[in-house]
Amino acid sequence: VKHSSRNTFPVVNGEGKLVGVVHLDAIRQIIFDQTRYDEIQVKDLMTEPAAVVDVRETLDKALGKFEHTR
């Protein structure tokens, strides 16, 4: 986070599957309070994706997911 210009960070499981995203706004309040680092888990800060696009999907299918989930 410190060296990134991103506002959204992917969360993947052990198999590399996307399970959620953490938005910078979700961690802004605690990022400078290192005393809380051991008590907060990433799963408490992440949101599940509305949809996941696979690299093998057609553009039409991916855009359909975008439209459906807004």
Side-chain angles (χ1 to χ4, degrees):
V1 174
K2 182 178 180 180
H3 301 288
S4 178
S5 60
R6 296 180 185 185
N7 292 323
T8 304
F9 300 88
V11 179
V12 296
N13 65 14
E15 291 80 41
K17 180 182 175 188
L18 179 69
V19 294
V21 293
V22 173
H23 298 280
L24 187 59
D25 289 342
I27 61 173
R28 194 178 313 275
Q29 298 297 322
I30 61 165
I31 199 164
F32 299 110
D33 186 359
Q34 293 183 2
T35 63
R36 299 184 62 200
Y37 284 13
D38 288 335
E39 68 186 50
I40 298 174
Q41 296 183 352
V42 172
K43 68 178 183 175
D44 299 326
L45 302 170
M46 74 176 203
T47 56
E48 293 183 19
V52 176
V53 177
D54 187 277
V55 297
R56 295 172 294 244
E57 289 179 328
T58 65
L59 181 58
D60 184 54
K61 188 171 181 178
L63 292 175
K65 288 181 178 182
F66 292 156
E67 185 175 328
H68 178 72
T69 60
R70 300 200 179 270

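FYI, side chains are in, hydrogens and waters are out, and symmetry mates aren't considered; it's all heavy atoms of this structure.
Heavy-atom contacts from other residues, nucleotides or ligands closer than 6.0 Å to CG of D38 number 12 or fewer. Residue-environment remark: CD (E48) stays at or below the threshold of 12 foreign heavy atoms within 6.0 Å. Counted within 6.0 Å of CD on E67, heavy atoms from surrounding residues, nucleotides or ligands total 12 or fewer; the atom is thus considered open. Annotation: F32, atom CZ; neighbour count of heavy atoms from other residues, nucleotides and ligands within 6.0 Å does not exceed 12.
The minimum heavy-atom distance between A51 and T69, with the atom names listed, is CB-CG2, 3.8 Å. Here the closest heavy-atom approach between residue P49 and residue G20 is recorded as CD-CA, 3.6 Å.
If you chain together hydrophobic residues whose side chains sit under 4.5 Å apart, V53 and V21 never meet in one group. L18 is not connected to M46 by any chain of hydrophobic side-chain contacts under 4.5 Å among Ile, Leu, Val, Met, Phe, Trp and Tyr, and they are in different clusters. Note on V12: it does not cluster hydrophobically with F9, by side-chain heavy-atom contacts below 4.5 Å among ILVMFWY residues. V52 and L59 are not part of a single hydrophobic cluster, where members link through side-chain heavy atoms under 4.5 Å apart.
Between H68 and K65, the closest side-chain pair of non-hydrogen atoms is not below 4.5 Å. By the 4.5 Å heavy-atom criterion applied to side chains, D60 and L63 are not counted as neighbours.
Note that the CD1 atom of I30 and the CD1 atom of I27 stand 7.0 Å from one another [nearest 0.5 Å]. Rounding to the nearest 0.5 Å gives a distance of 12.0 Å between CG of L45 and CG of D25. Residue I40 holds its CD1 atom at 13.0 Å from NZ of K43, rounded to the nearest 0.5 Å.
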